[in-house]
Number of protein chains: 2
Amino acid sequence: MKEGPNIAMLGALIGDPARANMLSALMSGKALTASELASEAGVTLQTASSHLSKLEAAELLIRRKQGRHRYFSLAGDEIGHVLEVMMGFAAKHGHMRTRTGPKDPALRKARVCYNHLAGELGVTMFDYLSSQNYLSSVGEEVGLTPAGESFISSIGINLIQMQNSRRPLCKSCLDWSARRSHLAGSLGTALLSHFLEKQWAKRLDNSRIIEFSKHGEQQFRNLFPTPPPSPN
Amino acid sequence: MKEGPNIAMLGALIGDPARANMLSALMSGKALTASELASEAGVTLQTASSHLSKLEAAELLIRRKQGRHRYFSLAGDEIGHVLEVMMGFAAKHGHMRTRTGPKDPALRKARVCYNHLAGELGVTMFDYLSSQNYLSSVGEEVGLTPAGESFISSIGINLIQMQNSRRPLCKSCLDWSARRSHLAGSLGTALLSHFLEKQWAKRLDNSRIIEFSKHGEQQFRNLFPTPPPSPN
DNA sequence: GAAATACTTCGATTAACATCGAAGTATGAA
DNA sequence: TTCATACTTCGATGTTAATCGAAGTATTTC
């Protein structure tokens, strides 16, 4: 009946605990092997393989072959976004005993949303860039203004090679903790990589938390001050 | 293992075809009875009842008793948002043969997103309001500026009673067709009701499509012109 | 070439749950 | 009171699919 809401299939795919664990693990942005995902999900390799095939068939995941390993990663930002929204809902909503762990405040502060920075610090950065008119986020798809381009370049990020990529440079991504935007797209990814390279922050293992060092956070807040000074 | 991603339960809840159909039907924003939802999903009343209990227990739905009827509706904007994002993904993604019907362009143009206006026209409205500085959408949660308040009042919408409600007045909601924002919250709801009351548009049955009449669309575009004139 | 690693495919088992008939409750109508 | 409508609860059935052991393929190491 009706031209079926395939939302059901999508839900069913995400709805299995093993698959949900795998997808969550991949939200870190890293590519993981089948074995790693199996242990992450707490199932045997055979079972994992079966799940991964389904996820790949549905184009939620992509599989890269490298030597005798298969590396899996999310098929794109869109699924990352779907998962982020669902996680946000499930978490916010006491829902089904989400038993918010001790690490939760850290998660709200800074986390990886697929492959870019989300959480309070992500929002802070986005706000600052907007307030300085580095982003043309008014209605239209988010873009970098000329002033924004030189700002980004001054940080030491190479824009030129990114602009040649097929991936959109900037995208906004709605945060669940507060209903505010943070920066996704290839620029968002590049900025996160930049912070990690500069050792301002590091990824906690098996978690989406980004832990800023004391020094790193200071540098970060220095670069993206809040409250922002009036632009001039 | 791990403090379980309850995203799995959420996915499983949405992942059953019958439940997905019911939830989709409720995206129209209307409250529906158990019988209506049963026929919508193509199952018997008993089966529907079982599903509805589960959805209520998970707090995705609320149940209102009225005479011998039970009216069900989505428990809030958040689930609406989750569903919208998932539908967007499933649809955009050729995914599992979503066989985009002939009505699809209409859906992209104007549809109801739980209870407010989404699609191209929704984005147009949001853009116009932003460009006129009626919305203070910079970073912070979206709010109405004083100029915005008088604009809304001039349309003939009573703001005062809305401001007393516990529901947020304005919220932005990310659109899936284009990655752009449209207006949710109680103001978003009120605006949609306003258009329907004025007969500028009507809801198509069993669909999320909002069909604007020729006259109605003209009025709408008159009120929210695009491209927007420079604000002065 | 042999053995180990990394993974996939096959097949059988099992558990979960969607489904509906039948019977029960509550509300409204005659 | 009686009947009808709207729905819920219970119980039985059947289907689906998650799981893992066993065996197979591919790749690297020795």
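Excluded from the calculations below are hydrogen atoms, water molecules and symmetry mates; all remaining heavy atoms, backbone and side chain alike, are included. First the proteins, then the strands, lettered A, B, ... as listed; each starts at 1. All of these numbers come straight from a predicted model, not from anything done at the bench.
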Given atom [atom1] of [X] and atom [atom2] of [N], what is their separation to the nearest angstrom?
X: A:D16; N: C:dA16; atom1: CG; atom2: C1'; value: 12 Å
X: A:H51; N: C:dT9; atom1: NE2; atom2: P; value: 15 Å
X: A:H69; N: D:dT25; atom1: NE2; atom2: P; value: 21 Å
X: B:R70; N: C:dA26; atom1: CZ; atom2: C1'; value: 7 Å
X: B:L45; N: C:dA22; atom1: CG; atom2: P; value: 15 Å
X: B:N21; N: C:dT19; atom1: CG; atom2: P; value: 10 Å
X: B:R68; N: C:dT25; atom1: CZ; atom2: P; value: 19 Å
X: A:R63; N: C:dA6; atom1: CZ; atom2: C1'; value: 12 Å

Pair B:K30-B:E36, salt bridge (charged side-chain N to carboxylate O under 4.0 Å, His left out): steps then yes or no: CA-CA 11 Å; B:K30 286 187 282 198; B:E36 287 169 321; over 6 Å; no
Residue whose nearest DNA chain D nucleotide is more 5′ - A:K65 or A:S50: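 Result of the comparison: A:S50.
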Position toward the 5' end of DNA chain D (nearest nucleotide), A:G67 or A:T44: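 First, find each residue's nearest nucleotide; the 5'-ward one identifies A:T44.
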Donor + acceptor pair across side chains of A:T189, A:S186 (<3.5 Å):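 Short answer, no.
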A:T47 side chain near D:dA18 phosphate (N/O to OP1/OP2, under 4.0 Å):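 For D:dA18, OP1/OP2 do not have a side-chain N/O of A:T47 under 4.0 Å.
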Nearest to side-chain heavy atoms of A:K54, which nucleotide of C:dA6, C:dT8, D:dA18: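 For the A:K54 side chain, the nearest candidate turns out to be D:dA18.
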Side chain of B:Q46 (C-beta onward), nearest among D:dT8, D:dT19, C:dT8: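 For the B:Q46 side chain, the nearest candidate turns out to be D:dT8.
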Between OG on residue A:S181 and NZ on residue A:K171, distance to nearest 0.5 Å: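 Spacing of OG (A:S181) from NZ (A:K171) equals 13.0 Å.
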CA sep, side-chain torsions, deciding dist, call: A:E217, A:K109, salt bridge (charged side-chain N to carboxylate O under 4.0 Å, His left out): CA-CA 11 Å; A:E217 182 169 348; A:K109 182 167 186 180; 3.0 Å; yes
Sugar-phosphate, base or nothing in reach of B:A18, heavy atoms under 4.0 Å: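 Answer is sugar-phosphate: B:A18 comes under 4.0 Å of backbone atoms only.
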With A:H51, the side-chain hydrogen bond (donor to acceptor under 3.5 Å, both in side chains) member among A:E56, A:Q46, A:R19: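 In the set A:E56, A:Q46, A:R19, the residue that makes a side-chain hydrogen bond (donor to acceptor under 3.5 Å, both in side chains) with A:H51 is A:R19.
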